[in-house]
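Notes for the one structure printed next.
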Amino acid sequence: MNDIHQRQDALLRLLAPQYEVPSAAADPAGPAAEELLQAILNQPVPEASGRKPWLSWRRLVVAGPAVAALAALIFVMVAVVPSSSPTGPAPAQAQVLRIVEVDGYLEIRILDPVADPARYQAELAERGLDIELSVVATGPEQVGRVIFEEVASDSGPAIETIEAPGDCSATGNCSVGIRVPVDFRSSARVVFGRTPRSGETAPAAPGGATEDEKRWVRKLVGKQVGEVRRAVAARGRTIEYRAGADSHKVEAAVPEDWYVTGAAPRADRTVVLWVAKTPGTRGP
Amino acid sequence: MYRACYGDLLNYALRRSERPDAAADVVAETFLVAWRRINEIPSDQARLWLFGVARRVLANHRRSARRTADLATRLHGELTHATPAPPETADYVGRAFRTLPEADQELLRLVAWEGLSTTEMAVVLGCSVNAVRIRLHRARRRFAGALQDDSPLSEYATKGLT
């Protein structure tokens with residue numbers, strides 16, 4: 001931007017209407033904003049128009065510390081999470097899941113995050129679902145979130161996450177449950193995060209990215225590939241490119257004038273970059 | 001996302017609405033669209049995505065003067081009493097600005113009012129960065145010309161802009 005542009009912009013800024021907005025309306029957590037949020041959350045969400053397979057997967061990668069490594073640890077972690085029902089099943093146990101059918105989907109939320117995982121499976125099986133649902137101790141950022149999701153087959157209806165705008169982690173994970181099509185016939189694994197019990201520590205993925213690294217990687221978004229390539233190399237990292245609506249891995253050389261539309265650090269000192277020909281899009 | 005973007009979206013709507021209470025409808029409808037298309041919102045560009053939606057909501061409102069009834073009653077009420085401060089610049093600047101096509105005005109507003117880069121504007125406007133650069137260059141040139149037509153401040157005008 002040259003000096004003339006700056007002076008033009010200074011003039012234009014003076015044209016911007018300036019309002020004295022009451023704090024009750026201006027505060028994002030104030031009564032007016034809160035009322036609007038609740039009104040919107042009470043609106044029905046129409047059926048998703050064309051699920052984007054990359055989205056949930058990508059969000060999960062961005063959401064957690066080195067989720068790729070975390071995913072590999074999930075079976076181990078599930079194995080060491082002790083059961084919360086040492087006394088055995090009671091004759092009339094409360095539900096551990098809330099399952100509601102809405103518009104052709106079963107909306108599933110966890111009511112008891114420290115229940116015996118077998119009880120989750122049992123309640124899901126009653127609905128004819130082969131979903132291995134588990135809950136693992138996580139840091140506060142991921143408590144109550146879907147931190148891992150894997151469906152056995154790519155064909156057929158897919159599992160979606162229930163999102164709650166206004167209740168998102170700093171990394172953009174707003175998931176509070178899952179939506180499973182009533183005709184879902186495949187099998188899946190879904191993992192939620194929960195608060196560690198007293199004396200329990202949230203397992204950290206080995207080699208996970210530091211906060212500093214995550215911040216640095218986030219700043220790569222919006223830049224052109226050539227610039228990012230040099231910046232990543234200067235930090236001694238390697239790049240894995242992904243593109244398209246299906247987030248496929250790109251093996252060919254990515255043009256330097258493409259744009260980075262998403263980025264996530266991985267535990268193996270690789271930075272995953274989602275790239276597109278134009279910024280703000282996901283397909284090439 | 002809601003709380004992180006609420007303030008910026010409210011300001012965006014206030015600066016572009018004919019009446020401050022109309023901004024409440026724009027904010028409400030924009031967030032309603034976001035809620036209904038939650039899976040389409042890029043987590044790293046939510047604010048820009050919302051600006052893009054708000055831009056279309058504003059255009060629809062100008063065409064139909066409709067309201068998103070009852071969703072933002074409190075916000076509507078609070079903004080009814082919001083009072084704008086008079087512009088701190090000479091009339092000819094506003095006059096020159098208003099002679100520009102709406103598309104030029106919005107480009108210049110996004111730069112000067114929202115402080116967006118060309119890359120960010122491309123997200124809001126749904127076009128390529130190159131297209132934004134070209135359109136912005138032309139908008140600046142037209143604004144400079146309009147200023148020159150209407151004022152002695154030629155130093156803001158064509159010099160360096162052609």
Side-chain angles (χ1 to χ4, degrees), chain A residues 2-5 7-22 24-29 31-33 35-37 39-41 43 45-46 48-49 51-52 55-56 59 62 160-161 163 165-168 171-174 218 221-223 259 261-263 277-280 282, chain B residues 1-4 6-7 10 14-15 20 27-28 31-32 34-40 42-46 48 70-75 77-79 81-85 87-89 93-94 97 108-109 111-113 117 119-120 122-123 126-129 140 143-144 147 155-156 159-161:
Chain A
N2 63 34
D3 185 46
I4 301 290
H5 292 171
R7 293 159 83 176
Q8 258 196 359
D9 291 350
L11 272 183
L12 288 165
R13 277 193 289 277
L14 295 174
L15 287 178
Q18 302 293 328
Y19 286 94
E20 295 216 1
V21 179
D27 182 359
E35 181 204 65
L36 173 59
L37 176 61
I40 288 171
L41 294 180
Q43 297 292 310
V45 181
S49 54
R51 177 180 181 270
K52 293 179 172 50
L55 191 61
S56 59
R59 181 183 298 114
V62 175
E160 299 173 6
T161 53
E163 308 272 338
D167 181 22
C168 305
T171 50
N173 187 344
C174 314
R218 279 199 291 271
V221 176
K223 295 180 177 172
Y259 289 86
T261 60
K277 196 170 181 179
T278 56
R282 296 182 188 88
Chain B
M1 187 272 280
Y2 177 85
R3 293 201 173 91
Y6 174 87
L10 177 59
L14 273 171
R15 290 171 188 144
V27 171
F31 276 126
L32 186 60
W35 174 229
R36 288 176 173 157
R37 295 168 58 189
I38 189 76
N39 283 336
E40 298 174 34
S43 58
D44 49 355
Q45 293 176 322
L48 304 176
D70 302 331
L71 269 185
T73 313
R74 176 82 186 253
L75 185 59
E78 296 284 354
L79 294 181
H81 306 297
T83 49
E88 297 176 1
T89 187
V93 179
F97 185 69
L108 295 170
R109 284 191 292 249
V111 170
W113 296 3
S117 65
T119 304
E120 290 172 324
V123 177
C127 60
S128 72
V129 176
R140 286 192 182 283
F143 181 47
L147 279 175
E155 62 179 315
Y156 293 122
K159 180 181 164 189
L161 287 167

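Labels below follow one simple rule: chain letters A, B, ... track the order of the sequence lines, proteins then strands, and each chain is numbered from 1. Quick note: numbers below take in every heavy atom, side chains included, and nothing from hydrogens, waters or symmetry partners.
The two atoms that bring A/Asp9 and B/Arg140 nearest to each other are OD1-NH1, 3.0 Å, heavy atoms only. Across all non-hydrogen atoms, the minimal contact from A/Ile40 to B/Ala28 is CD1-O, 3.9 Å. The two residues B/Leu147 and A/Leu11 make their nearest non-hydrogen contact at CD1-CD1, 4.0 Å. Considering every non-hydrogen atom in both A/Tyr19 and B/Leu14, the closest pair reads CE1-O, 3.4 Å. For the pair B/Arg3 and A/Pro28, the tightest heavy-atom approach, listed with the atom from each and the gap, is O-CB, 3.5 Å. The two residues A/Leu12 and B/Ala112 make their nearest non-hydrogen contact at CB-CB, 3.5 Å.
Only the side chain of B/Phe97 comes within contact range of chain A, with at least one heavy atom under 4.5 Å from a heavy atom of that chain. If you measure heavy-atom distances from B/Leu10 to chain A, the contacts under 4.5 Å come from the side chain alone.
Proximity of a side-chain donor or acceptor of B/Glu78 to a complementary backbone N or O of A/Ala24 within less than 3.5 Å is not detected. Under the 3.5 Å distance criterion, the side-chain polar atoms of B/Trp113 are left unmatched by any main-chain donor or acceptor of A/Pro17. In this structure a side-chain-to-backbone donor-acceptor pair under 3.5 Å is present from B/Tyr2 to A/Ala33.
Proximity of B/Asp44 to A/Arg218: side-chain heavy atoms (C-beta onward) are nowhere separated by under 4.5 Å. Side-chain contact between B/Val129 and A/Thr278 is absent, with no heavy atoms from C-beta onward closer than 4.5 Å.
The structure places CG of A/Leu37 at 9.0 Å from CH2 of B/Trp35, a figure rounded to the nearest 0.5 Å.
With chain B as the partner, the residue from A/Val221, A/Leu36, A/Asp27 showing the most heavy-atom pairs under 4.5 Å is A/Leu36.
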